[in-house]
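Below is one structure, written out as structure tokens; the observations come after it.
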Amino acid sequence: MATFQKQIKKIGVYTSGGDAPGMNAAIRAVVRVGIAQNLEVYGIYQGYVGMVENHIQPLQLRDMANIIQRGGTILKTGRSPDFMKQEVRTKAAEHLKSHGIDALVCIGGDGSFRGAHALWEEHRIPIVGVPGTIDNDIFGSDKTVGFDTAVNTALDAIDRIRDTAASHDRLFIVEVMGRNSGFIASHVGLAGGAEEIFTPDGNTTVEKAIERIKDGIVRGKTSSILITAEGQKPGRAYDLADAIRKKSGMDAKVCILGHQQRGGSPTAADRILASRMGAAAVDSLLKGFCDIMIGTEGERLIQVPLDVVTKQEKKNQMDLISLANILST
Ligand code: F6P
């Protein structure tokens, strides 16, 4: 694990990548713990975009009022493919130095952490990461900030769909977020009683889904819900509905939940996780640790080197999908 000697006086905090409910709670924890430890805290707006464009402002205790319950991020966020270029990172580092910022807390996903790791490697700017993404796909942390809220938002929608599916004896395909990740799909699939769950890393097929729906009908089922992660192409649920229609003649209604899963007030679990992680990030910097992410192992907070976080892939919990299949018979 990397360490540094310099005594820090000013830290910067930013959110980067897709927003996630609970990011505000993490910002609040960083600012309030930082100020309590006599640090000056600066907000960097729109993630790496603001770092490169010098959109950096001091944050005060009162700027954090009434944000713990708000979704989104008061610092705004963005995706910055430009930050892959070394000369762009150098410009960002110069801006940070011009404000006297000694260290950073990055709240985001693995792309954001790759940028953070590069800033440490190239410019020796100490950084600690807080995993914030609804996808829960960050290696080294059981849970990410925003995942619990997104699962509950999607589940609420699925429960409503179940009401209408049951009333009309219909088959529904509900598409949840997750470009490369099936965590939301597997969790809402189990919690929502889905008949079949499609994930980017799963091995189910249209044929298996049709067989399960037909078996259910024989046993007296009159409605079914399939869950799919969006995968590389949002709208995948329509392709699945087409394939099911062509192969079985069954009609399926499609519901794509989309970006509503990214918004909304964070659950208690996300607020607590974000608050603990934000506080631990500042604490780690004050103890001279950097180039790490704060993760969870069960209830425990852990420190994981960014190099490990960004190079390894977190595997989905396939046992949840197997259990959902058994329980939805
Ligand atoms: O934040 C993660 C995520 O929601 C993925 O699940 C999704 O595929 C992607 O972001 C969509 O991102 P955007 O539409 O904001 O580019």
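In this chain, residues are counted from 1 in sequence order. Counting starts at 1 for both ligands and their atoms, following the listed order.
Remark: L306 CG to C106 SG distance equals 8.0 Å, nearest 0.5 Å.
You'll find the ring centres of Y14 and Y45 outside the 6.0 Å limit.
The same ILVMFWY cluster, assembled from side-chain heavy atoms under 4.5 Å apart, contains both I161 and M177.
For the residue pair K314 and N136, a side-chain donor N or O sits within less than 3.5 Å of a side-chain acceptor on the partner.
The shortest side-chain heavy-atom distance between K97 and E94 does not fall under the 4.5 Å cut-off.
For ligand 1, the 4.0 Å heavy-atom shell contains residues G18, R79, I134, D135, M177, G178, R179, E230, H259, R262.
Judged by distance alone, the side chain of T15 and the main-chain N or O of K76 form a donor-acceptor pair under 3.5 Å.
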